[in-house]
Asks: 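Got a structure for you, questions after.
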Amino acid sequence: MTELLHPVPTASVPTTASAATGDVASLAESATSLQVPGMRAARSERDSTLLHEDLSPGDLAALSTRQLRVMVNQAYKLMDTAYPPAGATDRYEMIVDELEHRAQQAMERGSVHQPKETFRDNPLYCRFELFIDGTMAAYVKYTMVGAQIILRDGVEQPAFRDQGVDATLMRHVVLNAHKRRLSLVPQCPMAFSFLADNPQYRSLTARTGH
């Protein structure tokens, strides 16, 4: 009865100001707590708050690669909304840059050549192109109709087949369309295959009503 009249006090919820002092620690906790179902709702709210706060390359460097991969998915979900938070795209690209930097370092430590990838929109030929070390590896032809990009024909060059260049090209296409607030209409096997393997990007496709 005494216990009921005098409940044990619980820890108070930290304020926004106090949470801001532990950005890196909170980010790490957010990325590593995904396996705890009871924390799902609180984690979702905390992730949104953390990705609004200032992040620097030094903050990201303190996190593990696995944590960064979790964060990049969280950042994409925040970016891919009707009203994305200010700077959401910049945060997403910062995390991607850190992951690519680590991949390059790993390749260099293994004395393995790291191919240089270059993506460009070629409006003269109406196609998105991917170059590997200066050589065109793949492209996808498109047609612009209003705010839609119709992907009509994807091509991998023979020397680059079965190396994943089609998926690399399509990731660039998806991000390019998102930045320009355009929707994609897949009409070629390359686009259909990529979206089947990466359903998280399907929200960027146009609703055609079919």
Side-chain angles (χ1 to χ4, degrees), residues 34 65-66 68-84 88-107 110 112-210:
L34 291 177
T65 299
R66 186 185 68 81
L68 289 176
R69 287 172 180 164
V70 172
M71 286 180 59
V72 79
N73 288 331
Q74 295 169 347
Y76 181 83
K77 290 177 182 178
L78 288 178
M79 181 177 67
D80 188 30
T81 58
Y83 301 98
T89 300
D90 292 338
R91 303 292 175 83
Y92 175 82
E93 293 181 346
M94 184 187 299
I95 299 170
V96 169
D97 287 344
E98 176 64 22
L99 286 170
E100 291 180 346
H101 174 66
R102 293 188 185 190
Q104 182 175 356
Q105 285 184 322
M107 295 290 281
V112 178
H113 172 64
Q114 175 71 16
K116 180 181 179 182
E117 299 175 356
T118 303
F119 168 80
R120 76 175 183 181
D121 177 5
N122 187 338
L124 180 62
Y125 292 100
C126 293
R127 67 189 187 188
F128 296 109
E129 302 170 340
L130 178 69
F131 292 82
I132 305 294
D133 289 336
T135 301
M136 185 184 294
Y139 65 85
V140 58
K141 293 182 179 180
Y142 66 82
T143 299
M144 290 291 302
V145 179
Q148 296 181 348
I149 303 175
I150 301 174
L151 303 176
R152 299 187 293 106
D153 185 25
V155 176
E156 285 181 290
Q157 300 296 346
F160 293 93
R161 285 175 183 165
D162 301 321
Q163 297 182 29
V165 295
D166 55 337
T168 300
L169 171 60
M170 283 301 305
R171 285 192 180 90
H172 283 293
V173 170
V174 165
L175 186 57
N176 181 273
H178 190 278
K179 287 180 178 178
R180 296 161 64 183
R181 292 294 184 262
L182 301 174
S183 59
L184 299 173
V185 180
Q187 289 189 357
C188 67
M190 181 184 289
F192 281 123
S193 177
F194 176 80
L195 292 171
D197 292 338
N198 300 272
Q200 67 271 26
Y201 296 123
R202 290 179 190 168
S203 60
L204 297 179
T205 60
R207 274 64 172 178
T208 60
H210 297 302

Asks: I'd like to know whether the aromatic ring centres of Y139 and Y125 sit less than 6.0 Å apart in this structure.
Replies: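 Here the rings of Y125 and Y139 have centres that are no less than 6.0 Å from each other.
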
Asks: Check E129 with R120, please: is the shortest side-chain N to carboxylate O separation under 4.0 Å?
Replies: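 Yes, R120 and E129 are salt-bridged.
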
Asks: Using only atom types and a distance under 3.5 Å, with no angle test, would you say the side chain of D133 pairs donor to acceptor with the backbone of K116?
Replies: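 Present.
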
Asks: Side-chain contact test, heavy atoms from C-beta onward, threshold under 4.5 Å: evaluate it for F160 versus D166 and give yes or no.
Replies: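 When only atoms from C-beta onward are counted, D166 and F160 do not touch, as no gap falls below 4.5 Å.
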
Asks: Mind checking whether R171 and V96 have side chains closer than 4.5 Å, heavy atoms only?
Replies: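 No, too far: nothing below the 4.5 Å cut-off.
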
Asks: Could you measure the distance from the CD1 atom of I132 to the CG atom of L130? Nearest 0.5 Å is fine.
Replies: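 Spacing of CD1 (I132) from CG (L130) equals 4.5 Å.
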
Asks: For R152, give me all partners under salt bridge (Lys or Arg N to Asp or Glu O under 4.0 Å), at least two apart in sequence or on another chain.
Replies: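 Applying salt bridge (Lys or Arg N to Asp or Glu O under 4.0 Å) to R152 gives none.
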
Asks: Quick one: pull up OG in S203 and CG in L195 and give me the separation to the nearest 0.5 Å.
Replies: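 S203 OG to L195 CG: 10.0 Å, rounded to 0.5 Å.
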
Asks: Is F128 close to I149 at the side-chain level, that is, under 4.5 Å between some pair of heavy atoms?
Replies: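 Counting from C-beta outward, I149 and F128 do come under 4.5 Å.
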
Asks: Keeping N198 on the side-chain end and Q200 on the backbone end, is there a donor-acceptor pair under 3.5 Å?
Replies: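 Between the backbone of Q200 and the side chain of N198 there is no qualifying donor-acceptor contact (under 3.5 Å).
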
Asks: Quick one: closest heavy-atom pair of M136 and F131, and the distance?
Replies: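 M136 and F131 have their closest heavy atoms at N-CD2, 3.3 Å.
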
Asks: Who are the side-chain hydrogen bond (donor to acceptor under 3.5 Å, both in side chains) partners of E93, not counting sequence neighbours?
Replies: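 Here the qualifying residues are K179.
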
